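See below for the structure under consideration.
All values derive from a computational prediction rather than experimental measurement.
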Amino acid sequence: MKHLKSLFKEQYNPENFFLIAGPCVIEEEEILMTVAEKVTAICKRLAIPYVFKASYRKANRTSVHSFTGIGDVEGLELLQKVGKTFNVPVTSDIHSAAEAAMAAAYVDVLQIPAFLCRQTDILLAAAETGKVVNVKKGQFLSGESMKFAVEKIKGAGNDHIILTERGTTFGYQDLVVDYRNIPIMKHLGEPVVMDCTHSLQQPNQSSGVTGGNPQMISTIAKAAIATGADGLFIETHPDPSKAKSDGANMLRLDLLEELLEKLVEIRRVVR
């Protein structure tokens with residue numbers, strides 16, 4: 001886990017889980033700064049290493065009419081500003097091999113979306129930047145099969161890898177979390193994160209807008225810590241009802257602190 005120590009620097013606390021959190025997509029600077037300021041303060045108090053997350057572009061929206069971002073460079077520059085302002089690492093997802101080098105100039109962690117976790121060219125391009133690469137397990141894959149993504153990245157000379165569980169397709173419009181995947185992926189030798197919000201998505205709705213089940217976020221998070229997750233991924237927004245992407249499964253910002261306090265206690269018990 002040496003790359004986690006390098007990523008978090010003085011923030012690093014191997015006794016605690018780490019947190020990847022922020023709004024789903026970059027909507028405007030004010031929301032980014034509001035979320036980053038609040039979450040950074042909470043994480044410092046609770047000694048939780050923190051990575052700020054927001055997508056500079058959403059390329060996998062269901063409907064062509066859905067909001068996708070404010071512009072790639074504009075979004076990446078805001079992410080970089082957040083990182084410098086609050087002295088935290090930042091991450092965003094990429095959607096093609098060509099985006100890897102561009103995004104790597106602004107962020108500390110490159111995230112590979114679940115739908116793209118088998119795309120060799122994207123994995124190799126991300127690996128070649130030397131950045132930490134967080135690969136989300138596809139909804140259609142087993143935990144065991146993620147060894148091939150790890151092999152591709154390491155084969156390109158990069159051993160700075162994080163693996164993220166985000167649920168498994170269950171019928172057409174739901175996901176289910178198989179917590180066996182956490183110890184299975186940890187056995188691959190990489191830190192494992194539980195995506196507590198996207199695992200509660202209800203995709204493929206006839207409205208063209210993905211649904212969600214946010215009241216279960218705390219349940220997913222508690223179970224993940226109890227089963228050995230090294231980190232948690234939680235998308236959060238001051239007012240999810242007004243969010244321009246994934247509002248149906250984001251945690252309201254003012255609910256985050258109490259949840260994290262409980263999770264820190266669970267972590268102490270299960271270690």
Side-chain angles (χ1 to χ4, degrees), residues 1-7 17-21 49 51 53 55 59-60 89 91-97 99-100 103-104 107-171 174-201 203 220-221 223-235 249:
M1 308 285 183
K2 290 182 180 179
H3 54 291
L4 292 184
K5 187 173 182 179
S6 174
L7 179 66
F17 60 88
F18 63 92
L19 177 68
I20 303 173
V51 179
K53 181 271 169 187
S55 297
N60 59 341
T91 185
S92 191
D93 36 354
I94 61 172
H95 308 90
S96 70
E99 291 180 44
V107 305
D108 304 283
V109 181
L110 294 175
Q111 180 175 289
I112 310 301
F115 284 131
L116 302 176
C117 70
R118 291 181 61 183
Q119 297 299 109
T120 301
D121 59 341
I122 296 177
L123 292 173
L124 296 184
E128 288 166 1
T129 67
K131 297 289 185 175
V132 176
V133 182
N134 177 22
V135 189
K136 287 196 168 185
K137 181 186 74 64
Q139 302 93 319
F140 43 86
L141 292 180
S142 67
E144 293 93 339
S145 64
M146 289 299 287
K147 68 180 180 181
F148 300 110
V150 171
E151 288 175 358
K152 290 174 183 179
I153 295 168
K154 285 187 172 181
N158 188 337
D159 60 359
H160 299 165
I161 304 167
I162 296 171
L163 301 177
T164 295
E165 165 64 31
R166 53 96 73 232
T168 302
T169 298
F170 186 69
D174 209 354
L175 298 169
V176 65
V177 176
D178 181 351
Y179 284 96
R180 294 175 298 178
N181 282 325
I182 291 177
I184 285 170
M185 290 195 292
K186 281 172 68 74
H187 187 67
L188 298 176
E190 311 303 334
V192 173
V193 171
M194 180 72 229
D195 184 338
C196 303
T197 43
H198 288 108
S199 60
L200 292 168
Q201 283 183 330
I220 295 291
I225 295 300
T227 50
D230 300 292
L232 298 175
F233 179 109
I234 300 175
E235 288 191 336
N249 51 266

Report summary line: Output for pair (L116 CG, I122 CD1), nearest 0.5 Å, gives 4.5 Å
Query raised in the report: Is the closest side-chain heavy-atom distance between V193 and F18 below 4.5 Å?
Result: yes
Query raised in the report: Are I112 and I94 side-chain neighbours, meaning at least one heavy-atom pair lies under 4.5 Å?
Result: yes
Requested in this report: Give me the ring orientation class for H198 and F233: parallel if the planes are under 30° apart, tilted from 30 to 60°, perpendicular past 60°.
Outcome: tilted
Query raised in the report: Heavy-atom count around F115 CZ within 6.0 Å, excluding the residue itself: above 12?
Result: no
Requested in this report: For residues S199 and E165, determine if any side-chain heavy atom of one lies less than 4.5 Å from a side-chain heavy atom of the other.
Outcome: no
Report summary line: For K137 and G167, the nearest pair of non-hydrogen atoms, with its separation, is NZ-O, 3.8 Å
Query - Value rounded to 0.5 Å, distance of NZ in K152 from NZ in K147 - result: 13.0 Å
Report task. Mind running side-chain hydrogen bond (donor to acceptor under 3.5 Å, both in side chains) on N249 and T197 for me, showing each step along the way? Result -> CA-CA 6 Å; N249 51 266; T197 43; 4.7 Å; no
Query raised in the report: Going through the checks in order, is the side chain to side chain contact (heavy atoms under 4.5 Å, CB included) test met by R166 and L175?
Result: CA-CA 9 Å; R166 53 96 73 232; L175 298 169; 3.3 Å; yes
**Report entry** Distance in Å, C117 SG paired with L163 CG, rounded so as to fall on 0.5 Å steps
**Finding:** 10.0 Å
Report summary line: Heavy-atom nearest pair, D93 first then S55, reads OD1-OG, 2.7 Å
Query raised in the report: What's the spacing between Q119 CD and L124 CG if we round to 0.5 Å?
Result: 11.0 Å
**Report entry** Closest non-hydrogen atom pair between L232 and A224, with its separation
**Finding:** CD2-CB, 3.9 Å
Query raised in the report: Are side-chain heavy atoms of E190 and M185 found at a separation under 4.5 Å?
Result: no
Query raised in the report: So which heavy atom on I184 is nearest to which on G143, and how close?
Result: CG2-C, 3.7 Å
Query raised in the report: Taking side chain as C-beta onward, heavy atoms only, is Y179 less than 4.5 Å from I220?
Result: yes
Query raised in the report: With distance as the sole criterion, is a donor-acceptor pair present between the side chains of T164 and D195 under 3.5 Å?
Result: no
Query raised in the report: Can you find a pair of side-chain heavy atoms, one from T91 and one from L110, that are under 4.5 Å apart?
Result: no
Query raised in the report: Among V192, D230, N134, which residue meets the side chain to side chain contact (heavy atoms under 4.5 Å, CB included) test with I162?
Result: N134
Requested in this report: Indicate yes or no: at least one non-hydrogen side-chain atom of F140 is less than 4.5 angstrom from one of R118.
Outcome: yes
Report task. Starting from the C-alpha separation in whole Å, work towards a yes-or-no answer on side chain to side chain contact (heavy atoms under 4.5 Å, CB included) for V107 and K131. Result -> CA-CA 8 Å; V107 305; K131 297 289 185 175; 5.8 Å; no
Query raised in the report: Hey, what do you get for CD (E99) to OG1 (T129), rounding to the nearest 0.5 Å?
Result: 13.0 Å
Report task. Indicate yes or no: at least one non-hydrogen side-chain atom of D108 is less than 4.5 angstrom from one of V51. Result -> no
Report task. Carefully, step by step, assess V109 and H160 under the rule side chain to side chain contact (heavy atoms under 4.5 Å, CB included). Result -> CA-CA 9 Å; V109 181; H160 299 165; over 6 Å; no
Report summary line: To the nearest 0.5 Å, atom CD1 of I153 lies from atom CG of N158 at 7.0 Å
